[in-house]
Chemist: 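Got a structure here, written out as structure tokens. Questions coming.
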Amino acid sequence: MAPVAAAGSQSAALQRRQELIGVTTGPGALLKNLKVFCIACFACLGGLLYGYNQGVFSSVLTMTSFKNHMGAYTSDSTKMGWLTSILELGAWFGTMYSGFLAEIFSRKYAILINVGIFIVGVIIQTTAVTSAGHSAILGGRFITGMGVGSLSMIVPMYNAEIAPPEVRGALVGLQQLSITLGIMVSFWIDYGTNFIGGTGETQKDTAWLLPLCLQLVPAVFLGVGMIFMPFSPRWLVHHGHEVEARKVLASLRGLSQDHTLIEIEFAEIRAQSLFEKRTIAEYFPHLKEQTSWNTIKLQFVAIASLFKTKPMFRRVIVATVTMFFQQWTGINAILYYAPKIFKGLSLGENATSLLATGVVGIAMFLATIPAVMYVDKLGRKPVLIVGAIGMASCHLIIAGINGAFSNDWPAHKSGGWAAVVMVWLFVVHFGYSWGPCAWIVVAEVWPLSNRPYGIALGASSNWMNNFIVGQATPDMLDRMKYGTYIFFGLLTLGGALFVWLYVPETKGLTLEEMDLIFGTADIVARDREIMDEVNREVGLVDHSEKDAKYVGDTKI
């Protein structure tokens, strides 16, 4: 799932801004920033593409006309795994280049480039109706995955950088909501197109070609629309276009360029840009020049540096293992192979299993909506632990029902439906917990100067484990049968234990308090010194305010 912004420390500038704007949170704040809200909603078409791709293929795999074109790739479980998981392998590759692509070409143009990559991948997939068959699906889904993987990183970054601080969390959270919306929409489109020409041998190729082709609609809208969208003010400042940045910022806020709010926010953006340049110059002096090649090398050199000290390595463990357990809850095994799973739980007819799959999309979408409303109140650890216990319980109940009745489902229809309900309940538990909260933890555990690279590392773990789950699940269902659910259930309990013993509660912690947990005093203290220096330089903190501390806007 997509990353979420971490909360920053309060500052005199932030308090002054809140006094000026009046409404600081909730629907009122969104209405006061309606232009930004609409732009963010539009950019989140990238998240919808990601979610749609996650969901659309699960039902296509079970369609008779698609099977006729794929041959052994839908009858052999290992080959079926490749058809599905190749998207995640492409997405993992996409996350590898997304950071420097967005920095070199801008967030706006990086989105346009990835939309183009995505469209090429979809077009290649549609040629599977010819003799190209499985080769077109494999190649097309890998290229499509590159596009959605990169967009899943760049769109939240773009939304965070055009948004004022008081609504940034809500706008970045739109990405997660748009992903679940895409999943839900894809399930129901598949259900409808499954009946084109009938559900048996008379089924038309349109039944599976149409859901694949419909991906082009939001992609084209996003590509054409982004031409008219503004550049990120933060990117403009960072690359020396300060006059244009101030103009764009004033336009986004609907205020004059000399308004006090614009002065404060523009100074904050300048401070963050200077902070990044100076920390790079201090930690990686050989890469301080802003050349394209240095930008590419920096991402890999900075990530490698996270493994060199014990305190930072502990943060690496928290980020990467949390993402490991997020995927090994089995969520994408459900999303990718729901119709196959439901058929194995007594729902014999493909139409019925697709209908049950559609309910999965609705349940997950609805469960995600309230997640951002209470996570800051309840904390990360309790939500993650409760969600993991809930998901594990569902897995183990499904395993028990499957083990007891799978040899004679016709005589135990009610047992089959009980297992189906457990699948629905499972995605509800994921939707409010490990879906959004895992990303929050990954964003919050890093010092300010390391956050972009730490999040990239967490995303890399997420996609690689996503790929492995997608590849392994068909073989697991065929060979382990109900043991598959026991396996996922035990791993999910392992995730709860890991969070309880190893993951700190990050709710409301400042960087100094986070440092007490992880023990990286030198990094955080030096980050703070540099940030105080640049804040004074751009005018955010007066020299006489010895006690004023400010972190500034965090980069996602």
Side-chain angles (χ1 to χ4, degrees), residues 1-5 27 29-31 33-56 91 94-95 98 102 106-119 144-145 147-164 166-187 189 214-235 252 361 364-373 431 435-436 439-440 443 455 459 462 555-556:
M1 303 291 184
V4 184
L30 288 175
L31 289 175
N33 294 277
L34 190 59
K35 182 175 182 178
V36 171
F37 178 65
C38 292
I39 292 173
C41 287
F42 182 81
C44 278
L45 283 172
L48 188 141
L49 290 175
Y50 167 30
Y52 190 95
N53 266 271
Q54 277 196 303
V56 72
T95 62
S98 61
S106 81
R107 285 62 163 137
K108 173 178 174 174
Y109 288 150
I111 290 174
L112 284 169
I113 290 169
N114 280 297
V115 167
I117 293 171
F118 178 89
I119 290 173
T144 299
V148 296
S150 189
L151 285 171
S152 72
M153 296 291 290
I154 298 172
V155 169
M157 183 190 300
Y158 178 77
N159 283 349
E161 293 179 4
I162 66 169
E166 58 269 14
V167 296
R168 180 170 294 119
L171 295 191
V172 174
L174 282 174
Q175 174 77 352
Q176 180 68 26
L177 194 61
S178 66
I179 290 170
T180 57
L181 176 62
I183 293 170
M184 181 179 69
V185 168
S186 71
F187 284 163
I189 286 176
L214 284 176
Q215 299 174 89
L216 293 172
V217 176
V220 170
F221 270 113
L222 179 60
V224 173
M226 280 305 299
I227 296 173
F228 304 98
M229 294 296 111
F231 287 93
S232 157
R234 185 207 162 278
W235 184 87
L252 287 170
M364 188 172 174
F365 176 72
L366 294 177
T368 304
I369 293 174
V372 295
M373 299 173 63
W439 283 110
I440 294 174
I455 293 174
N462 179 276
K555 177 186 175 186
I556 303 305

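Numbers here simply count residues along the sequence, with the first being 1.
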Chemist: What pair of heavy atoms forms the shortest contact from Ser152 to Tyr50, and how long is it?
Modeler: CB-CD2, 4.1 Å
Chemist: Check the pair Phe118, Asn53 against side-chain contact (heavy atoms from CB on, under 4.5 Å), reporting the backbone distance first and the verdict last.
Modeler: CA-CA 11 Å; Phe118 178 89; Asn53 266 271; 3.1 Å; yes
Chemist: For the residue pair Ser232 and Ile162, what are the closest heavy atoms and their distance?
Modeler: CA-CG2, 4.5 Å
Chemist: In Å, rounded to the nearest 0.5 Å, how long is the span from CG of Leu181 to CG of Leu45?
Modeler: 9.5 Å
Chemist: Give the minimum heavy-atom separation between Gly431 and Pro436, together with the two atoms involved.
Modeler: O-CD, 3.3 Å
Chemist: Locate the shortest heavy-atom distance separating Ile119 from Ala219; write the atom from each residue and the value.
Modeler: CG1-CB, 4.0 Å
Chemist: Output yes when a side-chain donor or acceptor of Lys108 lies under 3.5 Å from a complementary backbone atom of Pro230, and no otherwise.
Modeler: no
Chemist: Do Tyr109 and Phe231 come within less than 4.5 Å of each other through their side chains, counting heavy atoms only?
Modeler: yes
Chemist: If every non-hydrogen atom of Ser150 is compared with every non-hydrogen atom of Gly94, which pair is closest and at what distance?
Modeler: CB-O, 3.6 Å
Chemist: Side chain to side chain contact (heavy atoms under 4.5 Å, CB included) with Val220: which of Val224, Val217, Leu222?
Modeler: Val224
Chemist: Nearest 0.5 Å, what's the CD1-OG distance between Ile113 and Ser106?
Modeler: 8.0 Å
Chemist: With rounding to the nearest 0.5 angstrom, report the CG to CZ distance, Asn159 to Arg107.
Modeler: 12.0 Å
Chemist: Roughly how far apart are Thr95 OG1 and Asn462 CG, rounded to 0.5 Å?
Modeler: 9.0 Å
Chemist: List the atom of Gly51, the atom of Ile183, and the distance in Å for their closest heavy-atom pair.
Modeler: O-CG1, 3.2 Å
Chemist: Can you find a heavy atom in the side chain of Tyr158 that is under 4.5 Å from one in the side chain of Met226?
Modeler: yes
Chemist: Is there a side-chain contact (heavy atoms from CB on, under 4.5 Å) between Val148 and Tyr52 once you walk through the steps?
Modeler: CA-CA 10 Å; Val148 296; Tyr52 190 95; over 6 Å; no
Chemist: Say you draw a straight line from CG of Leu252 to CD of Glu161; how long is it, rounded to the nearest 0.5 Å?
Modeler: 12.0 Å
Chemist: Does some side-chain heavy atom of Ile117 sit less than 4.5 Å from a side-chain heavy atom of Asn114?
Modeler: yes
Chemist: I'd like to know whether the aromatic ring centres of Phe221 and Phe42 sit less than 6.0 Å apart in this structure.
Modeler: no
Chemist: Drop me the distance from Ser186's OG to Leu48's CG, to the nearest 0.5 angstrom.
Modeler: 9.0 Å
